[in-house]
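Note that these values count all heavy atoms, side chains included, but never hydrogens, waters or copies made by symmetry. In listed order, ligands and their atoms are each counted from 1.
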Amino acid sequence: MKQTSYKCDKCCDTGWILIKQENRQPLAVACECRKIEKLKSEWKYSGINVEQSKLTFASFVVWNKASQRMKDTAGAYCTDFDEIRDKRRNSILLCGQVGSGKTHSSIAIALNFLKQHIKVVYMPYRDVITKIKQNMIDEEYYTRTISKYQLCEVLLIDDLFKGKINETDVNIMFEIINYRYLNFLPIIVSTEFSIDRLLAFDEGVASRVYEMSKDYVVEIEKDIRNNYRLK
Ligand SMILES: Nc1ncnc2c1ncn2[C@@H]1O[C@H](COP(=O)(O)OP(=O)(O)OP(=O)(O)O)[C@@H](O)[C@H]1O
Ligand SMILES: [Mg+2]
Ligand SMILES: [Zn+2]
């Protein structure tokens, strides 16, 4: 006989889990899967469909040395994550050459995590920073937005420091990254800048990112031949 299969076995897709209590009515608590669904809708809002995205490990082609390093490091990070997630070096930094697959790999990692119900929040740096600055006078919006990126389980910062940057941008990123640094919360960072350039922008932010990602850093040499878009 065909068995019914649920998307979530914990709550049988009801969204609620009943916890037995002695001499009392069972307590209903929201199931983890609802939080994941909410998160997926946030990803969709940023233009990434978690279920259908093509930015996966399966579609990542190893076509040169740089892509080999990227795939190996991203893969190792996923494999090791459970063990390292509470450690100082619990993050990954993919940096350098434009079009070399940094965003592709970062998202592949995030999708892999989301499948395991590890909650990754996507932060497209430039869009987010622009919006925060436009709403700077709205203190509540500011706090709410910053806290979302400070507190989430894993944060993916895509294209860090893209565009013209000034002191405000650096301060906002410091608030987010320093919080995560102090609380041992992992980040996945993609940026077209080299580590030296990042350090030159702001040593406070960059040295924290570097220390957190030390075991999983891929710096792709600036060479147009490493641009997959032009392959
Ligand atoms: N090794 C690869 N295998 C398959 N597709 C790839 C690979 N590398 C890059 N791509 C594809 O090429 C395009 C550019 O890659 P991606 O956006 O990840 O580059 P990036 O390093 O983040 O560039 P940028 O610095 O401009 O943000 C994407 O469509 C991506 O899916
Ligand atoms: Mg990118
Ligand atoms: Zn559930």
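For Q116 and N112, the side-chain atoms include at least one donor-acceptor pair closer than 3.5 Å. Side-chain contact of S67 with N64: a donor-acceptor pair under 3.5 Å is present, judged by distance alone.
Salt bridge R197/E192: absent, no basic N to carboxylate O contact under 4.0 Å. A salt bridge between E153 and K35 is absent, with no side-chain N of the basic residue lying under 4.0 Å from a carboxylate O of the acidic one.
Neither the backbone nor the side chain of K54 has any atom closer than 4.0 Å to an atom of ligand 1 (non-hydrogen atoms only). At a heavy-atom distance under 4.0 Å, atoms from both the backbone and the side chain of F60 approach ligand 1. Heavy atoms of S59 found under 4.0 angstrom from ligand 1 belong exclusively to the backbone. Neither the backbone nor the side chain of V62 comes within 4.0 Å of ligand 1, counting heavy atoms alone. Contacts of L55 with ligand 1, taken as heavy-atom pairs under 4.0 Å, involve the side chain alone.
In this structure, atom 28 (C) of ligand 1 has no protein heavy-atom contact shorter than 4.0 Å. Shown here, atom 1 (N) of ligand 1 is in close reach of the protein: a heavy atom of it lies under 4.0 Å off.
Less than 4.0 angstrom separates some heavy atom of V61 from each of these atoms of ligand 1: 1 (N), 2 (C), 3 (N), 4 (C). Listed by number with element, the atoms of ligand 1 under 4.0 Å from a non-hydrogen atom of S100 are 19 (O), 20 (P), 21 (O). The ligand atoms of ligand 1 that sit less than 4.0 angstrom from a heavy atom of D159 are 27 (O). Listed by number with element, the atoms of ligand 1 under 4.0 angstrom from any heavy atom of W63 are 1 (N). Those atoms of ligand 1 that come under 4.0 Å of a heavy atom in G99, given as number and element, are 19 (O), 20 (P), 21 (O), 23 (O), 24 (P), 25 (O), 26 (O).
Side-chain heavy atoms closer than 4.5 Å link hydrophobic residues (I, L, V, M, F, W, Y) into clusters, and following such links, even through other members, never connects L185 to V121. In the hydrophobic cluster analysis, where Ile, Leu, Val, Met, Phe, Trp and Tyr join through side-chain heavy atoms closer than 4.5 angstrom, Y122 is grouped apart from Y45.
Nearest-heavy-atom check against atom 20 (P) of ligand 1 across K162, K71, K102, Q97 picks out K102.
In summary, an N, O or S atom of C33 is located under 2.8 Å from the Zn ion (ligand 3). With 2.8 Å as the limit, S190 does not count as an N, O or S neighbour of the Mg ion (ligand 2).
Two residues are said to be in side-chain contact when any heavy atoms from C-beta on lie closer than 4.5 Å; D169 and Y125 meet this criterion.
Residue T103 has at least one nitrogen or oxygen atom sitting less than 3.5 Å from a nitrogen or oxygen atom of ligand 1, judged on distance alone. At under 3.5 Å, not a single nitrogen or oxygen of G96, backbone or side chain, sits near a nitrogen or oxygen of ligand 1. At least one N/O-N/O distance between H104 and ligand 1 falls below 3.5 Å.
Using bins of under 30°, 30° to 60° and over 60° for the plane-to-plane angle, the ring pair F113/Y77 lands in the tilted bin.
For atom 17 (O) of ligand 1, the closest non-hydrogen atom on the protein side is R229 NH2, 3.3 Å. Looking only at protein heavy atoms, the nearest one to atom 12 (O) of ligand 1 is Y228 CD2, 3.3 Å. The protein heavy atom nearest to atom 19 (O) of ligand 1 is G101 N, 3.2 Å.
Of the possible donor and acceptor atoms, one in the side chain of N90 sits under 3.5 Å from a partner among the backbone N and O of F184.
Geometrically, R88 engages Y181 in a cation-pi contact, judged by NZ or CZ lying under 6.0 Å from the ring centre and within 45° of the ring axis.
A pairwise comparison of heavy atoms in I195 and Y210 identifies CD1-CE1, 3.9 Å as the closest pair.
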query = Between F193 and F161, does a ring-ring contact (aromatic ring centres under 6.0 Å, His included) hold up when you go through it step by step?
reply = CA-CA 8 Å; F193 300 106; F161 290 145; 7.5 Å; no
ask   = Can you check side-chain contact (heavy atoms from CB on, under 4.5 Å) on E32 and K119, steps first, answer last?
value = CA-CA 10 Å; E32 273 294 294; K119 295 188 278 311; 2.9 Å; yes
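Expressed to the nearest 10°, the angle at the Zn ion (ligand 3) joining SG in C31 with SG in C8 is 110°.
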